[in-house]
Amino acid sequence: MALHVYNTLTRRKELFTAAQPNVVRIYTCGLTVYAPMHIGHARTYSFWDFFRRYLEYLNYHVLSVINYTDIDDRIMQKAAELWGTDSDAGSARPGELGSPQRQSDVNQAAEGLPEAVGSVDLAEKMVAVFRRDCRRLKIKDYAAYTRATDFVQGQIDLAAKLIELGHAYVVDGEVFYSVDSFPGYGKLSGRTIEEQEVGASGRVTEDVSRKRNPADFTLWKPSEGKQPRWETGYPDWPQGRPGWHLECSVMSTTMLGSHFDVHGGGVDNMFPHHENEIAQSEPVCGAPWVRYWLHPEHLDLRGVKMSKSLGNVISPGDLVNDYGDQAVRWFFSTTHYRSKLPFSPDLIASSLAGFEKISRLLKILEGKLSSAPDIEQGVPVAGLYASQRDETQSVPRLRHYYNYGHFGELSTKFMQRFREALDDDLNTPQAAAAFFDYVGELYSAGIESVPVGASLDSPSGDAGEGGSRPATTYSSTASLLSVYRCLTRHLYVLGVEYPNELLYPQLAMDCFPAGGAEGESALAPHKAFIDALLEARQQARRDKDFAKSDMIRDLLAGAGLQVEDTPQGPRWSL
RNA sequence: GGCGGCGUAGCCAAGUGGCAAGGCAGAGGUCUGCAAAACCUCCACCGGCGGUUCGAUUCCGCCCGCCGCCUCCA
């Protein structure tokens, strides 16, 4: 089965193909940068990051673009609230200027950045915060991050073109798109103009009398007062700022070409934003403009109110601090992207409890392999892998044998399930189940007690039907290393990163720098002391002085070190 | 009012026209000085009522409940 994805445009799972062989062009609607990223954004962008990683796993080169909406009424409003700038007369209410609490919130989120003084600065500050949070969440860098304000000329040109083609009209210096001029309007969201009850949401405050159809939307809006403005060169609409929908049409096609493969954003963008983008773009670019529309669902707080006044706001940074980036990304993977992801501290904690079964095995393998006699510093076991990194591309091409050695068949089975799950509309929960089964089978096969530097006979099942295949002997180190790489490579697809320069240098190169190991490195100076305590405890155990051995274990536990006894001796972890 | 989605064990969550993955929690067991970890075993008839079918949790209809969208929104 090849990759199939659910395309909002057709409401069906479709075979995924790229317009250009091996290259996938993706445009993702990014943030309006007026406030720091929240955990809902974290879910959405983690999904897009996973999607990109899976396409790369399938050997696609991914050209991904994300935008920042850095010109928007909300930004101006926020900046006005904070600093009393960029305000038109109406919104500059003196009582709210520089509200200390809210300013400190922003400054806290943007710690270390220069103080913002206006909407442009506020936007830049939030851009930096966004990038920082993405790094924390292990969201890989996009090929390009575009700002709406860098594409204003293109937006002016597109608006002019749409006027010229009869799709837009000018009223009092404001440019509206005429939805009646585009027969396909509504094809993405599956609704017709007639079906809409205008103002049903109770949120329409705008005077719609100037529009030909209430569903018409703004392409260009005149600026007033100190609001940011651009000159257009058109007498009917001489100055102003672009409407929200217009920018994405321009940025995506400028960066990726008039047609591209995937356009995405949260479900909330489906209507009206993406619907409007299609209406703007197809008259100029031709239809179909975009091949696949994907809409990941929202994170759901399950009735829990998060608010600053309650003091229970959890930021993406908090999440990573509290649970670790691996557990966060794993948690995001345990629900399908088209379903709401219920979130609460309890839920992520129970997800973490399950994930530890996997992470524990990785720690065990790392422990064994790091001290293997036949694995030299920085030099993996010979003959086990053949990495090809095409230096002309920014994308790594990892081609390793992840199913080498004693546990090879389990790994093969796992990889098949993993692939089948993700090929079926990116079924990450199914992939997660494959991990659990794989790890369970590895434990069951006794991987915990396999020593390094030994020889292993092939499992009996390896003989195949009729025993035609000759018995094989594997290096235990190579076998364990292959499992380690299989696990870390496939977790990597989900955004769960385990960089290890010794055991998997090729993968480590593509992971974010390992920053979370400060705990272990902080312990390094005390290693000799810890070892001495462990040895003292072992002696006490040999002497059957269990009171003493338990005391030492409690002592270490108090310092945050868990000691476990195994047939191979004690093992400790943080 | 319109459009769309969902309802699977205490919790989270896949899935299939033919005896319901996985995880958390729970119970029992193996191992262990004790723990821990791991492994083994146990734990659901899939919101309700009809219909189609040899057979439906899976298809259709109705009902009940929950949620989202209908020009702020990842």
Side-chain angles (χ1 to χ4, degrees), chain A residues 11 28-32 34 37-48 69 72-74 77 179 186 189-206 208 211 214-218 244-245 264-273 275-276 295-300 330-331 334-336 338-342 344 346-358 360-361 364 417 421 424 427-437 439-449 541 544-546 549-550 553 557 562-567 570-571 573:
Chain A
R11 314 257 151 189
T28 307
C29 285
L31 289 179
T32 299
Y34 69 102
M37 182 186 200
H38 60 242
I39 55 177
H41 297 127
R43 195 250 173 137
T44 299
Y45 295 115
S46 292
F47 164 73
W48 288 111
T69 298
D72 180 272
D73 288 2
R74 277 175 296 163
Q77 195 183 338
V179 295
S189 55
R191 42 186 114 200
T192 64
I193 297 163
E194 298 76 50
E195 280 166 2
Q196 308 297 320
E197 182 174 340
V198 175
S201 65
R203 288 184 262 163
V204 180
T205 55
E206 200 177 347
V208 297
K211 296 180 182 178
D216 289 351
F217 55 92
T218 298
W244 174 41
H245 312 298
V267 269
D268 50 288
N269 284 149
M270 197 169 96
F271 187 89
H273 185 51
E275 195 69 66
N276 291 353
H295 290 100
E297 253 291 355
H298 281 183
L299 181 141
D300 175 12
W330 177 263
F331 174 64
T334 54
T335 297
H336 188 86
R338 285 193 286 116
S339 296
K340 287 188 204 38
L341 172 70
S344 75
D346 282 352
L347 287 171
I348 189 168
S350 75
S351 164
L352 173 60
F355 177 63
E356 277 173 346
K357 178 174 167 180
I358 297 166
R360 200 173 287 121
L361 177 59
I364 292 168
R417 278 192 66 191
D424 184 12
N427 193 331
T428 51
Q430 196 69 56
F435 271 103
F436 281 119
D437 288 341
V439 169
E441 286 162 352
L442 288 167
Y443 275 122
S444 200
I447 193 168
E448 239 182 322
S449 53
R541 293 181 71 213
K544 306 266 190 244
D545 185 353
F546 296 119
S549 68
D550 287 351
R553 184 166 64 191
Q562 270 69 51
V563 181
E564 297 170 28
D565 293 312
T566 75
R571 183 167 70 211
S573 58

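Numbered from 1 within each chain, the chains take letters A, B, ... in sequence-line order. Atoms considered below: every heavy atom in the structure, side chains included; atoms not considered: hydrogens, waters and symmetry mates.
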A.B. asks: Taking the P atom in each of B:rC62 and B:rC6, what is the distance between them to the nearest angstrom?
C.D. replies: 16 Å
A.B. asks: Using side-chain hydrogen bond (donor to acceptor under 3.5 Å, both in side chains) as the criterion, list what pairs up with A:Thr334, not counting sequence neighbours.
C.D. replies: none
A.B. asks: Which atom names give the shortest non-hydrogen contact between A:Ala431 and A:Ala421, and what distance separates them?
C.D. replies: N-CB, 3.6 Å
A.B. asks: Using atom NE2 of A:His273 as one end and atom P of B:rA74 as the other, report the distance to the nearest whole Å.
C.D. replies: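 To the nearest whole Å, that distance equals 9 Å.
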A.B. asks: Return the 5'-most residue of the pair A:Arg338, A:Arg74 with respect to RNA chain B, ranking by each residue's nearest nucleotide.
C.D. replies: A:Arg338
A.B. asks: Mind checking the P distance from B:rU58 to B:rC19? Whole angstroms is fine.
C.D. replies: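 That atom pair is separated by 15 Å.
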A.B. asks: Nearest whole Å is fine: how far is B:rC24 C1' from A:Phe436 CZ?
C.D. replies: 9 Å
A.B. asks: For A:Asp346 and B:rA25, what is the distance between atoms CG and P respectively, to the nearest whole Å?
C.D. replies: 12 Å
A.B. asks: Using a 4.0 Å heavy-atom cut-off, does A:Leu31 contact any base of the nucleic acid, only the sugar-phosphate backbone, or nothing at all?
C.D. replies: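 Counting heavy atoms under 4.0 Å across all strands, the contact made by A:Leu31 is with sugar-phosphate only.
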A.B. asks: Please report the distance, rounded to the nearest Å, between CG in A:Asp300 and P in B:rG5.
C.D. replies: 18 Å
A.B. asks: Does the side-chain ring of A:His298 lie flat on the base of B:rA74, meaning centres under 5.5 Å and planes less than 30 degrees apart?
C.D. replies: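 Stacking is present between B:rA74 and A:His298, given that their ring centres fall under 5.5 Å apart and the planes under 30°.
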A.B. asks: What's the verdict on side-chain contact (heavy atoms from CB on, under 4.5 Å) for A:Leu341 and A:Glu297, showing C-alpha distance, side-chain angles and the deciding distance?
C.D. replies: CA-CA 8 Å; A:Leu341 172 70; A:Glu297 253 291 355; over 6 Å; no
A.B. asks: Could you state the atom-to-atom distance from CZ of A:Phe271 to C1' of B:rG4 in whole Å?
C.D. replies: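 Distance, rounded to whole Å: 13 Å.
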A.B. asks: With P as the reference atom in both, quote the distance from B:rC59 to B:rC11 in angstrom, rounded to an integer.
C.D. replies: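 To the nearest whole Å, 24 Å.
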A.B. asks: Nearest 0.5 Å please: distance from the CE atom of A:Met37 over to the CG atom of A:Leu31.
C.D. replies: 6.5 Å
A.B. asks: Which part of the nucleic acid, if any, lies within contact of A:Gly446, taking any heavy atom under 4.0 Å across all strands shown: a base, the sugar-phosphate backbone alone, or nothing?
C.D. replies: nothing
A.B. asks: Contact class for A:Asp216 (heavy atom, under 4.0 Å): base, sugar-phosphate, or nothing?
C.D. replies: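 Result for A:Asp216 = base.
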A.B. asks: So A:Gly40, base contact, sugar-phosphate only, or nothing? Heavy-atom distance under 4.0 Å.
C.D. replies: base
A.B. asks: With sequence neighbours excluded, tell me which residues meet ring pair (Phe, Tyr, Trp, His ring centres under 6.0 Å) with A:Phe435.
C.D. replies: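 Scan of A:Phe435 (ring pair (Phe, Tyr, Trp, His ring centres under 6.0 Å), adjacent residues dropped) gives A:Trp330, A:Phe414, A:Phe418.
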A.B. asks: Please enumerate all protein N or O atoms sitting under 3.5 Å from an N or O of nucleotides 29-37 of chain B, with distances to 0.1 Å.
C.D. replies:
from: B:rG33; atom 1: O6; to: A:Arg541; atom 2: NE; distance (Å): 3.3
from: B:rG33; atom 1: N1; to: A:Asp550; atom 2: OD1; distance (Å): 3.1
from: B:rG33; atom 1: N2; to: A:Asp550; atom 2: OD2; distance (Å): 2.8
from: B:rC34; atom 1: O2; to: A:Arg553; atom 2: NH2; distance (Å): 2.8
from: B:rC34; atom 1: N3; to: A:Arg553; atom 2: NH1; distance (Å): 3.1
from: B:rC34; atom 1: N3; to: A:Arg553; atom 2: NH2; distance (Å): 3.4
from: B:rC34; atom 1: N4; to: A:Asp565; atom 2: OD2; distance (Å): 3.0
from: B:rA35; atom 1: N6; to: A:Asp565; atom 2: O; distance (Å): 3.3
from: B:rA35; atom 1: N1; to: A:Asp565; atom 2: N; distance (Å): 3.1
from: B:rA35; atom 1: N3; to: A:Arg553; atom 2: NH1; distance (Å): 3.0
from: B:rA36; atom 1: N1; to: A:Asp565; atom 2: O; distance (Å): 3.3
from: B:rA37; atom 1: O3'; to: A:Arg360; atom 2: NH1; distance (Å): 2.7

A.B. asks: In whole angstrom, give the distance that lies between atom CZ of A:Arg43 and atom C1' of B:rA74.
C.D. replies: 10 Å
A.B. asks: Could you list the residues that satisfy ring pair (Phe, Tyr, Trp, His ring centres under 6.0 Å) with A:Phe546, not counting sequence neighbours?
C.D. replies: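 Ring pair (Phe, Tyr, Trp, His ring centres under 6.0 Å) check on A:Phe546 returns nothing, list empty.
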A.B. asks: Pick the C1' atom in B:rC40 and in B:rG33, then give their distance to the nearest Å.
C.D. replies: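 Each nucleotide's C1' atom is 23 Å from the other's.
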A.B. asks: Quick one: what's the B/S/- string for nucleotides 11-16 of chain B, heavy-atom cutoff under 4.0 Å, read 5' to 3'?
C.D. replies: SSSSS-
A.B. asks: Round to the nearest Å and state the distance from A:Arg11 atom CZ to B:rC69 atom C1'.
C.D. replies: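 Taking CZ of A:Arg11 and C1' of B:rC69, I get 11 Å after rounding.
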A.B. asks: Let me know the distance between CG of A:Leu442 and P of B:rC40, rounded to the nearest Å.
C.D. replies: 12 Å
A.B. asks: Starting at NE2 of A:His295, measure out to SG of A:Cys29 and round the result to the nearest 0.5 Å.
C.D. replies: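 So the gap between those two atoms works out to 8.0 Å.
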A.B. asks: Distance check, P atoms only: B:rA9 and B:rA20, in whole angstrom units.
C.D. replies: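 Roughly 15 Å separates the two P atoms.
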A.B. asks: For B:rC3 versus B:rG61, give the span between their P atoms, rounded off to a whole number of Å.
C.D. replies: 14 Å
A.B. asks: First locate atom CZ of A:Arg43, then atom CG of A:Asp300, and finally report the distance between them rounded to the nearest 0.5 Å.
C.D. replies: 10.0 Å
A.B. asks: Should B:rG1 form a Watson-Crick or G-U wobble pair with both distances under 3.5 Å, which nucleotide is its partner?
C.D. replies: B:rC70
A.B. asks: Using every non-hydrogen atom in the two residues, find where A:Thr28 and A:Tyr45 come nearest and quote the distance to one decimal.
C.D. replies: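 Here A:Thr28 and A:Tyr45 meet closest at CG2-CE2, 4.0 Å.
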A.B. asks: Nearest 0.5 Å please: distance from the CZ atom of A:Arg360 over to the CZ atom of A:Arg571.
C.D. replies: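 The CZ atom of A:Arg571 is 8.5 Å from CZ of A:Arg360, to the nearest 0.5 Å.
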A.B. asks: Between B:rC43 and B:rG23, how far is it from one P atom to the other, in whole Å?
C.D. replies: 15 Å
A.B. asks: Which residues satisfy the ring pair (Phe, Tyr, Trp, His ring centres under 6.0 Å) test with A:Tyr443, sequence neighbours excluded?
C.D. replies: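 By the ring pair (Phe, Tyr, Trp, His ring centres under 6.0 Å) rule, A:Tyr443 matches no residue at all.
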A.B. asks: Give one of base, sugar-phosphate or nothing for A:Tyr45, where a contact means two heavy atoms less than 4.0 Å apart.
C.D. replies: sugar-phosphate
A.B. asks: Can you check the distance between B:rC46 and B:rU8, where both ends of the measurement are the P atom (answer in whole Å)?
C.D. replies: 11 Å
